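To keep things clear, I will list the structure first and then write my remarks on it.
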Number of protein chains: 2
Amino acid sequence: MKGIRQLADHLSISTGTVSRALNGKADVNAETRKRVLEAAEKLGYVPNQAGRSLRQGVTGTVGLILSQDASIGAGSENFFPRVIDGLQQALSRHGLDLVLLLRPRGEKQDEFLRRMVARRIVDALIITSTRVYDPRFPFLTKSGMPFVALGRSETSRPENRWADLDFEGIAERAVTRLFERGHRQIALAGPRPDANLGALFLKGYRRGLDSCGLTFDPDLVFQSDGQEAGGYEIGSRILESKHRPSAIVLNAEMMSIGLYRRLGEAGLTPGKDLAIIAERESPVGRFLSPRLTCFRIDAAALGCSLGEMLLSTLPAFAEQYADVPRQQIWPFDLVEGESDPPLQA
Amino acid sequence: MKGIRQLADHLSISTGTVSRALNGKADVNAETRKRVLEAAEKLGYVPNQAGRSLRQGVTGTVGLILSQDASIGAGSENFFPRVIDGLQQALSRHGLDLVLLLRPRGEKQDEFLRRMVARRIVDALIITSTRVYDPRFPFLTKSGMPFVALGRSETSRPENRWADLDFEGIAERAVTRLFERGHRQIALAGPRPDANLGALFLKGYRRGLDSCGLTFDPDLVFQSDGQEAGGYEIGSRILESKHRPSAIVLNAEMMSIGLYRRLGEAGLTPGKDLAIIAERESPVGRFLSPRLTCFRIDAAALGCSLGEMLLSTLPAFAEQYADVPRQQIWPFDLVEGESDPPLQA
DNA sequence: CTGAAAGCGCTAACAA
DNA sequence: TTGTTAGCGCTTTCAG
């Protein structure tokens, strides 16, 4: 089955009628529509997307741009698979497909984005891993390509849509909780501060210290990628430091694996010798010993909401989703583990 | 900048010439080409993909279909990010883009695939997570959509292209190694046997047992998803079993986290009380205590090779890649850890 | 309710 | 070397 022409010839009717029947237009005889749908099914006809896109000016596809530090998969308990689930749930209500776009290693971030926008391969974009200063916001705004961001940025404007996690809130809550449990030397491990979540994490941390009457000590702020190796390295630096902290807040739970190991090598016990709280809840934390105290987020709901935000930016659906908020900050729940017991006197 | 028409008008030349200049055709005056390229750059013109696709009959895009149990991201040390790196490396040599396609939760596998094929949204597909009986092979073969598979299947035909990991080989090697280290009760943990890698793993395991003169015991074969929780559950079942194995071969390293925990809860030490070998090497295994003995694969090279196989199926590049093998099995290297020491007498 | 025909943006064949 | 033109497959007027 090649195209609508062949299908129309097969039925001895015009392509226009076939098209209208297939697209559910009202002005088609019920009997004709039935014949068309049956023939399409039988012959396996599906419209060529290029033809539709060219004619309609839209592709019916939304692109999610992931950077290499993001993570989908590894079971449904992870963050991105759930966000994607939520996104697809919202988008599929309107027949929109989601594709994931990964920037090739050799290509510059900006150039990749520019190409994706200009080629009109998708109708809208979802960007992630926002930075404090993020040129993608002005660029996309100027380009006219509808978009939403998973993560906010100083560069975003009031008309931009984004949903973000409450990193500031959990950093503050973690500090307060650790303070109440007797800790006075509380360290922080986050990503580079040009990642917006890193800046937020630091901000919440400082606010937490303030509210507890603790002074900020830059030596207690560690930087790392959010992986196992980063956690291990931070463990080493903690062991060497003069004023060894009694507690640490991690911004990525995978770090705990390396940190647990490094403490073990030094004959120390996580929890007992160093209290640990991490973002985000994941199976890893649940199966470590001691079980990780961490923060939980409803990632599917976040994804669904992000999808609705995106729909509200698309001309075809803007009206229907007019009352979707433009920006949203999603709260975390604390999941108590065994990695931050009250400090022994 | 709307289209090639506007760019041509701006330059007071015809759209045909603009098109030829942009596409690097030989028969364009050097001066003209320069003007066109500069104007396109200045005005930010990039060709509309729908127009090109419709005219040329190709989209310049390749789709990688991932199932939910696959995993990209989480740092560059993981499997899929590296495979994708390799793929993009091969594809970008010819200006092909890679997009990731995730089947929405509600849609059936077959229907999703059919839609992706029929809409001609991509020129070729890469499928993953192959099953022993996998209808996608005959379906795609029949459809005429070029494709390669990451993973083989009983259903694949000689003309189908695939690359796979040597699961059979590592299962056999793991058994042999454990036998040489004194183990006689060697268990296996793999996925459901309808996943092709599960069947291969089991086959290699049995072959290993045979060559060591051990008899196969179905009670020593455990089934699980490859996640932390699965490892934990297998730990419980091992502890309850009558003939407790002294060693186990895991087909997914994430399981070790749950298994380590379960053993710890029972007062047992991984390695000492239960020797463990796992597929695949990952940071997780490196930072566990004891360090995991595992198998390593060059995932980027695999991805690159898969990309070249795919290119050999595309009419435009078939000739150039004519000598690429149709099927390939990639070997693993053993990475010695501390989780399978010789058994104490 | 249906058919005929235009045209979305682009490239390729052909003419100049 | 460049301009002109047809047409990729589809949807959407408009006329009947």
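Note that the coordinates shown come from a computational prediction; the quantities given were computed from them, not determined experimentally. So that the names make sense, note that chain A is the first sequence line, chain B the second, and so on, each numbered from 1.
- At D/dT12, one or more side-chain N or O atoms of A/Lys25 fall inside 4.0 Å of OP1 or OP2 (strictly under the cut-off).
- Salt bridge present: B/Glu107 and B/Arg115 bring a charged side-chain N and a carboxylate O closer than 4.0 Å.
- We find the CE-CG distance between B/Met145 and B/Leu140 to be 7.5 Å, quoted to the nearest 0.5 Å.
- Nearest nucleotide to the A/Ser14 side chain, out of D/dT1, D/dT11, C/dG3: C/dG3.
- Nucleic acid contact class of B/Gly16 (heavy atoms, under 4.0 Å, all strands): base.
- Remark: B/Leu302 CG to B/Arg82 CZ distance equals 12.0 Å, nearest 0.5 Å.
- Between B/Asp9 atom CG and D/dG3 atom P the separation is 12 Å, expressed in whole Å.
- Dashed line: the shortest gap from a side-chain N or O of A/Thr17 to OP1 or OP2 of C/dG3 is under 4.0 Å.
- For A/Arg55, counting side-chain heavy atoms from C-beta on, the closest listed nucleotide (C/dT11, D/dT12, D/dT1) is D/dT12.
- B/Ile13 places its CD1 atom 15 Å from the C1' atom of C/dC10, with the value rounded to the nearest Å.
- Atoms CD1 (B/Ile121) and P (D/dG9) sit 17 Å apart, rounded to a whole Å.
- More than 12 heavy atoms of other residues, nucleotides or ligands lie within 6.0 Å of CD in A/Glu159, so this atom counts as buried by the packing criterion.
- In this structure, B/Gln49 places its CD atom 10 Å from C1' of C/dC10, rounding to the nearest Å.
- Here the side chain of B/Asn48 is nearest to one of C/dC10, D/dT1, D/dC10, namely C/dC10.
- Residue B/Tyr45 places none of its side-chain N or O atoms closer than 4.0 Å to OP1 or OP2 of C/dG9.
- Closest approach to the B/Thr15 side chain among D/dT2, D/dT11, D/dT5 is made by D/dT5 (side chain taken as heavy atoms from C-beta onward).
- Among the atoms of the strands shown, only primed sugar atoms or phosphate atoms (P, OP1, OP2) are found under 4.0 Å from some heavy atom of A/Thr32.
- In this structure, A/Arg20 places its CZ atom 15 Å from P of D/dC10, rounding to the nearest Å.
- C/dA16 atom P lies 17 Å from atom CG of B/Asp27, rounded to whole Å.
- If you check distances only, the side chain of B/Arg120 never reaches the base of D/dG9 with a donor-acceptor pair under 3.5 Å.
- In terms of position on DNA chain D, the residue among A/Arg52 and B/Val28 whose nearest nucleotide sits closer to the 5' end is B/Val28.
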Worksheet item: Given B/His94 and B/Tyr321, is the ring pair (Phe, Tyr, Trp, His ring centres under 6.0 Å) satisfied, shown in steps?
Response: CA-CA 12 Å; B/His94 303 283; B/Tyr321 289 91; 5.5 Å; yes
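- With rounding to whole Å, B/Leu54 atom CG is found 11 Å from C/dT11 atom C1'.
- Distance CD1 (A/Ile4) to P (C/dA4): 14 Å, rounded to an integer number of Å.
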